[in-house]
Amino acid sequence: METLGFLIDGFGVALAPHNLMFALLGAFLGTLIGALPGLGPANGVAILIPLAFTLGLRPETAMIMLTAVYAGAMYGGRISSILLNIPGDEPAMMTCLDGYPMAQKGKAAEALAISAVASFMGSLIATVGLILLAPILADFALTFGPAEYFALFMLAFATLGGITGKNPMKTVVAAAIGLMIATVGIDNTGVQRYTFGVLELYEGVDFIIAIVGLFAISELLFFIEERAGGGKAKMVVNKLKLSWKDIRDIMPTSIRGGVLGFIAGVLPGAGASLGSFISYTLEKRVLGSKGSFGEGDPRGVAAPEAGNNGASSGALVPMLTLGVPGSGTTAVLLALLISLNITPGPLMFTQNADIVWGVIAALLIGNFLLLVLNIPLVGIFVKLLSVPPMYLLPIVTMVAFVGIYSISNTTFDLYFMVAFGMAGFVLRKLEIPLVPIILGLLLGPEMEKNLRHALDISDGDWTVLWDSGLAIGLWVFAGLGLILPYILGPLLRRRMQVAASTGGPEGD
């Protein structure tokens, strides 16, 4: 009953006219961003964070808008997958298998509508799971001491590569870079570290500057290098002919996919890619010869879409309750919370209950908004695919520069942002992931603080770090998270590649 009372209060926050307006704006912008191949939700949220500061939004309003952008980008990723056979992001790759064949058969509108309904169901199931699970996990997290929190941070870094990570060693290198950047500034003993006499570095590196530079500016550089001057192919979308029977037929698939996706999202490092893959694989096994997977089966569109949208909401569980992001996009949202002087974790459910439950209620409302937006406005979203990058680049650049300058009113931050953007461009060229860098930058200070606190309590005895059963369990999971990507990662990537090329998971 207590949870229900908090949720009702959350609806009071989410249904405030200005919050509802920004939720609608975020859902619309997120869908547009998701429709652009290769951009993805993490980049989309990072690009729009400066907008929240430029508009001077309250913390709950900023979180509601950017969470809506996150959800909308997960919806939008299916558009280019279905129409162009180009995944909007990695999780949308499985949608290509049956979505594009449906489009080739003249059923593009039906495929887009089915994916919207399945995305809605997956997100709805996961949001309900978030409501039920988050308070329980937050209460459990209150039993954590500094040693347990240090082990938890180690678990976050160990599982960051996830079992779909391309190169676990590069993930470790990226996390180390982030931790190194986190040491810049004056530590809690008053010692300057790596400031080189630059006054602006005394307070450390600002999360938002690093995020906008690494994601948004580096993405602009990639646009300039790879896509400047080239528009996307146009696709004619037929009139929608979707019946209630079609919707009823995909409901069991959407429910199964949503549940699996939520489980994958809650696991740190697994994420939407795993959610979409296992949902598609399970559905193919369940239906067997009854399905025509790889040939334009509507359930082959519904399963991965329900899975990856379920995972996106599930990834909010560890971020809100433990302060550990469950995906790349939630790492960016974590940075926003910290920059707003809000500490994610179990105490957030009591100290900032209005924000937590406002965001959860906004997710429920946003799912309905996205369903309403995505079906009638498909034509508008599709037209975006034909807009040349030369028109998009100035808008994105303006939002990034104006937003960063509005935070501190200093040109140093603009130069710093550009420097991060150039570094991000080089790192992406070397296939070094950017999310671990951000996570290292975000969690590094708290990780160091908990380590110092644990050692102070134990009078310098390092065994305190594994002195409790909970800490030992976290260390064991951290070890497994570090080892398993080497074993399971290549296997899962190979199966996803085979699925993409043959129209179904290997061995089916």
Side-chain angles (χ1 to χ4, degrees), residues 141-161 171-196 198 200-211 214 268-269 318-319 321-326 330-348 351 416 420 433-468 470-475 477-479 481-482:
L142 290 173
T143 64
F144 282 36
E148 286 76 18
Y149 264 111
F150 180 78
L152 180 66
F153 290 138
M154 290 300 295
L155 172 63
F157 285 114
T159 58
L160 188 61
T171 301
V172 172
V173 170
I177 293 173
L179 288 171
M180 290 171 63
I181 298 173
T183 62
V184 174
I186 300 177
D187 71 1
N188 55 6
T189 64
V191 176
Q192 293 184 30
R193 300 187 296 193
Y194 311 113
T195 59
F196 305 105
V198 179
E200 288 84 356
L201 294 179
Y202 280 18
E203 294 183 0
V205 177
D206 190 286
F207 312 117
I208 304 302
I209 294 172
I211 286 174
L214 287 172
M319 186 203 79
T321 58
L322 302 175
V324 174
T330 53
V332 179
L333 290 173
L334 179 68
L336 174 66
L337 284 174
I338 294 174
S339 68
L340 293 170
N341 295 320
I342 297 169
T343 303
L347 293 179
M348 185 178 174
Q351 296 175 351
F416 213 18
F420 268 111
L434 301 182
V435 168
I437 298 175
I438 295 300
L439 192 62
L441 180 57
L442 290 174
L443 300 186
E446 281 297 312
M447 189 176 179
E448 180 184 6
K449 185 176 75 173
N450 280 281
L451 176 60
R452 286 177 181 266
H453 191 190
L455 292 177
D456 286 341
I457 292 173
S458 65
D459 198 22
D461 184 3
W462 286 84
T463 61
V464 70
L465 298 178
W466 48 84
D467 197 34
S468 68
L470 179 56
I472 292 173
L474 291 169
W475 280 108
F477 280 113
L482 198 60

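In this text the structure is predicted, and so the values were computed from the model without any measurement. Heavy atoms only: backbone and side chains are in, while hydrogens, waters and symmetry mates are out.
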Shortest non-hydrogen contact from [X] to [Y]?
X    : Y    : result
M319 : T330 : SD-O, 3.3 Å
G440 : A182 : O-CB, 3.7 Å
P146 : A454 : CB-N, 3.9 Å
V205 : A210 : CG1-CB, 4.4 Å
A151 : A471 : CB-O, 4.1 Å

Mind checking whether [X] and [Y] have side chains closer than 4.5 Å, heavy atoms only?
X    : Y    : value
I437 : F420 : no
F153 : L451 : no
L455 : F150 : no
L201 : Y194 : no
I177 : V173 : yes
F144 : N450 : no

How long is the span from the [atom1] atom in [X] to the [atom2] atom in [Y], to the nearest 0.5 Å?
X    : Y    : atom1 : atom2 : result
E148 : L465 : CD    : CG    : 9.5 Å
T183 : L179 : OG1   : CG    : 8.5 Å
L441 : D206 : CG    : CG    : 8.5 Å

Passes side chain to side chain contact (heavy atoms under 4.5 Å, CB included), D187 versus R452? Steps please.
CA-CA 11 Å; D187 71 1; R452 286 177 181 266; 3.4 Å; yes
Around atom OH of Y202, are there more than 12 heavy atoms from other residues, nucleotides or ligands closer than 6.0 Å?
yes
Candidate pair M348 and I342, rule side chain to side chain contact (heavy atoms under 4.5 Å, CB included), full reasoning
CA-CA 8 Å; M348 185 178 174; I342 297 169; 4.0 Å; yes
Evaluate the ring planes of W466 and W475, with Trp represented by its six-membered ring, and classify them as parallel (under 30°), tilted (30 to 60°) or perpendicular (over 60°).
perpendicular
